[in-house]
Amino acid sequence: MNKKFNVGIVGCTGMVGQRFMTLLDGHPWFNVTCLAASPRSAGKTYTEAVGNRWAMDVPMPASMKDMMVLDAANVEEVASQVDFIFCAVDMPKAEIRALEEAYAKAECPVVSNNSAHRGTPDVPMIIPELNWQHEEIIHDQRKRLGTKRGFVAVKSNCSLQSYVPALYPLDKFGVKDVLVTTYQAISGAGKTFERWPEMVDNVIPYIGGEEEKSEQEPLKIWGKMENGAIVNATSPAFTAQCLRVPVTNGHFAAVFVRFENKPSKEEILEIWNSFKGRPQELNLPSAPKQFLKYFEEDNMPQTKLHRDLEGGMTVSLGRLREDSQYDYKFVGLSHNTLRGAAGGAVLLAELLCADGYI
């Protein structure tokens, strides 16, 4: 990629916005030229806007700490400074949908970490290694919006990254029924232990809206493009239970799966170990060399040891074995603010640039 893209981070002060900052500092394709957030942060330097809320385990990027934060609602001002934006705002969903479409209509592509547009039929929700072909729906979205460059593309919910990447490549065997329990880190709620002390030595068996996302969003990943829309698949059937656990980063999943045509364990492992997607074929900057990493040891993977594999972009798998009620069970692990959030969005943006949509 010879071209360098100027990018903005809208919603730059929150947990995911901060992660975007660290990932884009020194990125080979993307140059951050604009930061935007709520009116209460506008007009301040980034350091002033964040105050004592910097939650990353690396220092604030020196290249951005003194940048002036703009008001995200001033769409034209932000859009005039960038080729596209990453969006990670914390607002009601209806307001997010309106804001992201306003940027798109200002001919500024939006790569979103938010859930607001995941159900919009002509907005692609992409895990780049799996359903990258859904980017083609952008042509139809542009027709609806009346734009030449502008569009909205989103990444899926962070918890999906710990189990859907393992199941999607097995689709030739007819993935039929999936039961999953996710054990989700506190950073998924935008929190640290300092800001959420009641999570220390605790498990909360409820995360608002998470189980619905975990059951419904995979069906869009499996969906087909028809008549200018992505039509959700009717199978596999997913049922999910989502728990908040006292872990800083990393979402874990315990998965049970039933197939139409049961494969052997050896067939599953061969597919997992050899699987490559379009990001690997294109050698995108953020793409892990090995997307799915299987561990033979019974006590692997472990969150603390393996969430950061290949910059946090690898999905770790283990404990594949036959089950007495389903065909197989296994565990999966992904880094929720890297692969599951900002890192997945950066990889999606790289894909869209490489394929000429940005």
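Atoms considered below: every heavy atom in the structure, side chains included; atoms not considered: hydrogens, waters and symmetry mates.
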Start with the C-alpha gap between Y357 and H139, add the side-chain angles, then the distance that decides, and say whether ring-ring contact (aromatic ring centres under 6.0 Å, His included) holds.
CA-CA 9 Å; Y357 288 91; H139 297 298; 5.4 Å; yes
Report the C-alpha separation of E100 and S112 in whole Å, then their side-chain angles, then the decisive distance to 0.1 Å, and conclude whether the side chain to side chain donor-acceptor pair (under 3.5 Å) test is met.
CA-CA 8 Å; E100 291 182 343; S112 178; 2.5 Å; yes
Intermediate values then yes/no, side chain to side chain donor-acceptor pair (under 3.5 Å), S156 and Q161:
CA-CA 8 Å; S156 67; Q161 316 294 323; 2.8 Å; yes
Would N114 and K155 count as a side chain to side chain donor-acceptor pair (under 3.5 Å) here? Give the steps.
CA-CA 8 Å; N114 302 304; K155 53 156 291 299; over 6 Å; no
Would H117 and Q141 satisfy side chain to side chain donor-acceptor pair (under 3.5 Å), going step by step from the backbone distance to the final call?
CA-CA 12 Å; H117 270 297; Q141 186 191 150; over 6 Å; no
Where do L282 and W132 land on the side-chain contact (heavy atoms from CB on, under 4.5 Å) test, with the steps shown first?
CA-CA 12 Å; L282 294 171; W132 61 269; over 6 Å; no
Give the intermediate values and the outcome of side-chain contact (heavy atoms from CB on, under 4.5 Å) for residues E217 and I221.
CA-CA 7 Å; E217 288 187 17; I221 301 294; 5.7 Å; no
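How far NE2 of H335 is from OG of S316: 11.5 Å, rounded to the nearest 0.5 Å. Between the OG atom of S41 and the NZ atom of K44 there is a distance of 6.0 Å, given to the nearest 0.5 Å. A distance of 10.0 Å separates CG in D25 from CG in N31, rounded to the nearest 0.5 Å. Here the straight-line distance linking atom OH of Y103 with atom CD of E76 works out to 9.5 Å at 0.5 Å rounding. Atom CG of N52 sits about 8.5 Å away from atom CZ of R195, to the nearest 0.5 Å. The NZ atom of K176 sits 12.5 Å away from the CZ atom of F259 when rounded to the nearest 0.5 Å.
Smallest separation of non-hydrogen atoms from A72 and L99: O-CD1, 3.7 Å. The shortest non-hydrogen separation linking A185 to R244 is O-NH1, 2.7 Å. Residues M313 and G343 come closest through the heavy atom pair CE-O, 3.4 Å. In this structure, D66 and T45 approach most closely via the heavy-atom pair O-CG2, 4.0 Å. Contact detail for L70 and E77: the closest heavy-atom pair is CD2-OE2, 3.6 Å. The heavy-atom pair separating M67 from C34 by the smallest distance is CE-N, 3.6 Å.
Taking the side chain as every heavy atom from C-beta outward, I186 and P246 never approach each other to under 4.5 Å. Side-chain contact check for Q18 versus W54: some heavy-atom pair is nearer than 4.5 Å. Residues I9 and L24 meet the side-chain proximity criterion, which asks for heavy atoms closer than 4.5 Å. In this structure the side chain of V255 reaches within 4.5 angstrom of the side chain of V178, judged on heavy atoms. You'll find the side chain of N336 reaches within 4.5 Å of the side chain of S187, heavy atoms only. Two residues are said to be in side-chain contact when any heavy atoms from C-beta on lie closer than 4.5 Å; P218 and V164 meet this criterion. Counting heavy atoms from C-beta on, the side chains of Q280 and F291 come closer than 4.5 Å. With a 4.5 Å cut-off on side-chain heavy atoms, K293 and L317 do not count as touching.
Residues F252 and H306 keep their aromatic ring centres 6.0 Å or farther apart. Checked against a 6.0 Å centroid threshold, the rings of W272 and F330 count as neighbours. The distance between the ring centers of Y163 and Y168 does not fall below 6.0 angstrom.
Hydrophobic side-chain contacts under 4.5 Å tie M225 into a cluster, directly or through other members, with I137, I230.
Under the 4.5 Å side-chain contact rule for hydrophobic residues, F295 and L333 do not share a cluster. Hydrophobic clustering (side-chain heavy atoms under 4.5 Å, transitive across Ile, Leu, Val, Met, Phe, Trp, Tyr) keeps V7 apart from V78.
For the pair R40 (side chain) and S38 (backbone), a donor-acceptor distance under 3.5 Å is absent. With hydrogens and angles disregarded, a donor-acceptor distance shorter than 3.5 Å links the side chain of E107 to the backbone of R149.
E210 and Q184 share a side-chain donor-acceptor pair at under 3.5 Å.
Taking D327 as the reference, nothing meets the salt bridge (charged side-chain N to carboxylate O under 4.0 Å, His left out) condition, with sequence neighbours excluded.
Summarising the local packing, CZ of R144 is surrounded by more than 12 heavy atoms from other residues, nucleotides or ligands at distances under 6.0 Å.
Salt bridge status for K143 with D122: absent, with no side-chain N to carboxylate O gap under 4.0 Å. A salt bridge does not link E194 to R53: none of the charged side-chain nitrogens sits closer than 4.0 Å to a carboxylate oxygen. Ionic pairing of K191 and E198 is not present here: no N-O contact between side-chain nitrogen and carboxylate oxygen is shorter than 4.0 angstrom.
For the side-chain contact (heavy atoms from CB on, under 4.5 Å) criterion with L338, the lone passing option out of L347, T22, L23 is L23.
Relative to the ring axis of Y326, K329 does not place its NZ or CZ within 45° and under 6.0 Å from the centre.
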